[in-house]
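Only one structure is covered here, and it is reproduced in the block below.
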Protein chains: 2
Amino acid sequence: MNLSIAEENYIKSIYKLQEGDTVVTTNALAYELETKPASVTDMAKKLKEKLLIDYEKYKGFTLTTEGRKMALQIVRRHRLWECFLVDKLSFSWEEVHELAEELEHVRSEKLTSRLSEYLGNPLFDPHGDPIPDANGKLTKPRPQTSLDQSTARKVVVTAVTDQSTALLAFLNAKHIKLGTQLEVIEHYEYDNSIEIKIKQQPPITISEQVAKNIMVRPV
Amino acid sequence: MNLSIAEENYIKSIYKLQEGDTVVTTNALAYELETKPASVTDMAKKLKEKLLIDYEKYKGFTLTTEGRKMALQIVRRHRLWECFLVDKLSFSWEEVHELAEELEHVRSEKLTSRLSEYLGNPLFDPHGDPIPDANGKLTKPRPQTSLDQSTARKVVVTAVTDQSTALLAFLNAKHIKLGTQLEVIEHYEYDNSIEIKIKQQPPITISEQVAKNIMVRPV
DNA sequence: TTAATTATTTAGATTTGTCTAAATAATATT
DNA sequence: AATATTATTTAGACAAATCTAAATAATTAA
């Protein structure tokens with residue numbers, strides 16, 4: 001099955017939005033892909049035709065087994081390229097998403113497996129997301145909660161769920177990156193903001209909105 | 001100036017065919033791009049509009065200064081990716097062309113310069129072709145002649161001009177690659193075939209056609 | 001349960017890059 | 001120089017991916 005770049009992007013986004021067995025709606029997908037609902041309907045017909053999604057008018061979409069397989073291959077390539085850019089070319093983790101978005105569309109099983117091998121067959125990308133193996137098998141994600149839900153005092157940052165430039169820039173300014181150790185000092189119930197301390201730095205306060213997008217694992 | 005992948009491929013092919021100041025013809029470009037002359041004419045109008053080529057009806061095309069600049073950037077990316085695939089991912093030099101053909105279209109100055117740096121700012125790609133620097137400056141190609149014109153007895157293979165799978169497979173079978181040392185034993189005037197010897201291997205005979213496509217440098 | 005709102009789809013148009021078939025220009029041949 | 005051949009361009013069509021505006025279905029609220 002040979003997909004166009006556009007089709008790959010749709011499949012990837014449906015995968016991303018599907019989370020479990022949720023049905024993906026037309027509007028949600030249009031928003032995710034920064035396109036119009038009418039365009040999504042058009043593409044949905046094509047993907048159904050190719051047996052990559054289940055789709056009935058007005059009922060939303062879910063990936064078929066074949067579609068999920070495709071999605072996992074794309075995700076695999078995306079995350080491996082992110083590793084490459086960070087580990088080998090010294091990009092910072094907030095810069096790599098866009099580039100990986102392009103590199104992921106080079107479809108070569110041989111390239112992908114060689115790249116993976118070269119990187120030491122990593123299990124997680126720089127954002128902490130698991131990398132599917134060649135068969136599409138995902139390593140169980142590390143036990144993690146969002147910072148606003150965490151009860152532990154000492155935690156490590158394992159992922160950031162919102163990839164917006166705004167958030168990533170904010171975290172960068174505060175010197176918070178993957179692997180950064182945080183100590184939770186105080187949880188203010190009034191607005192759910194959190195006071196944290198990073199080693200050798202003065203404590204800072206983080207809004208609930210930010211805390212929700214920082215994933216952590218107890219140390 | 002933001003070019004589509006199709007436009008980039010046209011610019012690159014015109015650059016390739018232009019060699020010096022030759023005017024590129026519609027048919028030659030159509031053949032190179034494996035497309036139809038009518039399509040070439042269509043695209044020529046667009047590229048002229050964008051000031052990347054000089055073009056008058058029935059008179060062929062040449063790149064403008066701006067067009068040549070674009071071409072050199074694409075060529076730079078292509079050849080750097082070839083280096084990466086061979087040096088880092090252990091691909092053999094005859095496999096990398098197609099993959100580089102795709103990777104070259106990721107347009108990021110930062111990625112390109114980081115990649116170049118990571119590879120040690122190489123001056124030549126695995127086929128022996130010079131890599132333009134960030135400003136589009138080309139290193140003078142190494143002094144080389146085709147094997148059929150070479151007068152030296154001992155030579156090194158520096159490049160292969162014909163990238164066809166057939167030739168590359170042939171060379172592979174004979175264990176001839178970039179950097180291979182050859183000793184010219186005999187030049188048969190009858191059919192211009194050449195008898196050569198590779199270290200620790202029995203002598204082999206090579207047709208004029210093959211010899212024309214193997215570039216060598218005296219040792 | 002009807003009306004209002006929101007979500008989704010359809011119809012028809014647009015852009016990019018391509019094609020075939022026919023027309024025209026340039027070049028080669030006699 | 002007239003004719004034949006080859007190269008190039010034009011005209012008109014098509015597929016992919018998108019869009020806007022209008023129509024229709026589903027959902028929510030009164």
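Chain letters run A, B, ... following the sequence lines, proteins first, then strands; residues in each count from 1. The figures that follow rest on heavy atoms only: side chains count, while hydrogens, waters and symmetry mates do not.
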### Query
Can you find a side chain N or O atom of Lys57(B) that sits less than 4.0 Å from OP1 or OP2 on dT10(D)?
yes
### Query
Between dT9(D) and Thr26(B), is there an OP1 or OP2 to side-chain N/O distance shorter than 4.0 Å?
yes
### Query
Does a side chain donor of either Thr25(B) or Asn27(B) reach within less than 3.5 Å of an acceptor in the other side chain?
no
### Task
Please check if any side-chain donor atom of Gln144(A) sits under 3.5 Å from a side-chain acceptor atom of Thr158(A), or the reverse.
yes
### Query
Glu34(A) CD to dC19(D) C1': how many Å, rounded?
16 Å
### Message
Ignoring hydrogens and geometry beyond distance, is a side-chain donor-acceptor pair present between His105(A) and Asn9(A) at under 3.5 Å?
### Response
yes
### Query
Once you round it to whole Å, what is the distance between P of dT10(C) and OH of Tyr58(A)?
6 Å
### Query
Rounded to whole angstrom units, what separation is found between the NZ atom of Lys59(B) and the C1' atom of dA26(C)?
10 Å
### Task
Verify whether one side chain among Thr64(B) and Asp54(B) offers a donor that lies under 3.5 Å from an acceptor in the other.
no
### Query
Within the pair Asn27(B) and dT8(D), is there a side-chain N or O less than 4.0 Å away from OP1 or OP2?
yes
### Task
Answer yes or no: does a side-chain N or O of Tyr55(B) lie under 4.0 Å from OP1 or OP2 of dT9(D)?
yes
### Query
With no hydrogens and no angle check, do the side chains of Ser92(B) and Glu95(B) hold a donor and an acceptor under 3.5 Å apart?
yes
### Query
Can you tell me if Asp191(B) uses its side chain to pair, donor with acceptor, with the backbone of Ser193(B) under 3.5 Å?
yes
Please write out the pairs of protein N or O atoms and N or O atoms of nucleotides 12-18 of chain C separated by less than 3.5 Å, giving the distance to one decimal.
residue : atom : partner  : partner atom : Å
dG17(C) : OP1  : Ser4(B)  : OG           : 2.4
dG17(C) : OP2  : Lys46(B) : NZ           : 3.2
dT18(C) : OP2  : Tyr10(B) : OH           : 3.4
dT18(C) : O4   : Asp42(B) : OD2          : 3.4

#### Entry: Short side-chain N/O contact from Lys45(A) to OP1 or OP2 of dT10(C), under 4.0 Å
yes
### Atom-to-atom span, CG of Leu29(A) to C1' of dA7(C) - whole angstrom
14 Å
